[in-house]
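Have a look at the structure below before the remarks.
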Amino acid sequence: MNFWFDTSLTTQDVAQQLLGCLLIKETEEGLTSGFIVETEAYLGEIDKAAHSYGLRRTPRLVPMYQSAGTIYIYTMHTHHMLNIITKEPDNPQGVLVRAIEPFQGISLMEERRGRFGVELTNGPGKLTKAMNINKEDNGTSIGASPLYLSSKERKMPKKILSTPRIGIPNKGKWTEEPLRYIVEGNPYTTKAKKKAVSNSGWI
DNA sequence: TCATTGATGTTCT
DNA sequence: GAACATCAATGAC
């Protein structure tokens with residue numbers, strides 16, 4: 001089930017397909033995993049919010065120009081962000097994973113984060129720290145890495161909500177473009193509602 | 001060498 | 001719930 005390698009799908013399609021997928025990271029300390037509940041699509045050449053806008057090429061962006069399924073770790077300050085490349089080589093598009101719902105290895109995540117509950121993984125920098133995702137994963141393929149997607153286990157979102165992306169002001173129409181996808185009602189998303197936590201958003 | 005970057009966690013109310 | 005200080009890697013110069 002390597003549908004995320006299907007480059008005939010648009011990046012927006014892949015971003016929605018990834019919701020509910022089980023993301024797994026294996027380390028010496030143990031295994032952690034979680035279901036993806038929030039993603040953002042970045043459309044590369046035409047997308048002013050993407051690093052690869054205008055087909056810019058810098059050393060950091062090398063993984064974005066590789067084939068679908070390549071993992072691109074965007075490091076900023078002390079935080080890492082997890083991206084998955086969606087298109088063929090030299091077409092630098094990708095999906096940013098912004099939040100997951102913890103599944104396995106929760107106590108290990110708590111230890112790494114020093115936080116509990118929804119604070120474990122309800123943000124792009126949080127989930128990478130909880131799962132110990134770092135630059136060693138950068139440029140590797142999601143099919144051959146300690147960081148991978150489960151092909152067996154996944155959930156299906158009851159409803160997918162699309163909203164404008166976060167943290168990209170002054171990018172013209174790209175600021176408003178609804179390229180962020182979340183599992184509606186899931187408490188582990190970036191702007192989780194306090195109410196209706198009883199509904200986790202899965203079928 | 002330096003300006004830019006943006007999520008996090010704390011603090012304030 | 002809102003506002004802000006903080007952190008270090010990147011890339012332009």
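Chain naming here is simple, since letters A, B, ... match the order of the sequence lines and numbering starts at 1 in each. Computed over heavy atoms, backbone and side chain alike; hydrogens, waters and symmetry mates excluded. Source: prediction; values computed, not measured.
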Nucleotide B:dT4, atom P - distance to NE2 of A:H51 in whole Å: 16 Å
A:L96 CG - B:dT5 C1' separation (whole Å): 15 Å
What are the atom names and distances for every N/O pair under 3.5 Å that joins the protein to nucleotides 3-5 of chain C?
none

Below 4.0 Å: OP1/OP2 of B:dG9 and any side-chain N or O of A:R113: yes
Distance, rounded to the nearest Å, where A:I166 contributes CD1 and B:dT5 contributes P: 18 Å
Atom-pair distance (CD1 on A:I168; C1' on B:dT5), nearest Å: 14 Å
Heavy-atom neighbours of A:E136 CD exceed 12 at 6.0 Å: no
I'd like a table of atom pairs between the protein and nucleotides 6-9 of chain C - only N or O on both sides, under 3.5 Å - with the distance next to each one.
{"from": "C:dA8", "atom 1": "N3", "to": "A:H77", "atom 2": "ND1", "distance (Å)": "2.9"}

Atom-to-atom span, NZ of A:K48 to C1' of B:dT4 - whole angstrom: 18 Å
Touch class at under 4.0 angstrom, heavy-atom based, for A:R57 against every strand present: nothing
Comparing A:K171 and A:E119 on DNA chain B - which has the more 5′ nearest nucleotide: A:K171
CA sep, side-chain torsions, deciding dist, call: A:K126, A:E119, salt bridge (charged side-chain N to carboxylate O under 4.0 Å, His left out): CA-CA 8 Å; A:K126 299 179 186 180; A:E119 292 292 313; 3.5 Å; yes
Distance in angstrom units between A:Y74 OH and B:dT4 P, rounded: 14 Å
Length of the CD1-P vector between A:I73 and B:dA7, whole Å: 16 Å
Donor-acceptor pair between A:T190 and A:E38 side chains, under 3.5 angstrom: yes
B:dT10 phosphate, OP1 or OP2, under 4.0 Å from A:R115 side-chain N/O: yes
Flag side-chain contact, heavy atom, 4.5 Å: A:S52 against A:Y65: yes
Residue pair A:I166 / A:E40: nearest heavy atoms and the distance that separates them: N-OE2, 3.2 Å
Between A:D13 and A:T10: side-chain donor-acceptor atoms closer than 3.5 Å: yes
With sequence neighbours excluded, residues passing ring-ring contact (aromatic ring centres under 6.0 Å, His included) with A:H80: none
Protein-nucleotide distance (A:M64, atom CE; C:dT10, atom P), rounded to Å: 15 Å
Heavy-atom pair of closest approach, residues A:K171 and A:I168: CG-O, 3.8 Å
Parallel, tilted or perpendicular, as decided by the 30° and 60° cut-offs, for the rings of A:F103 and A:F35: tilted
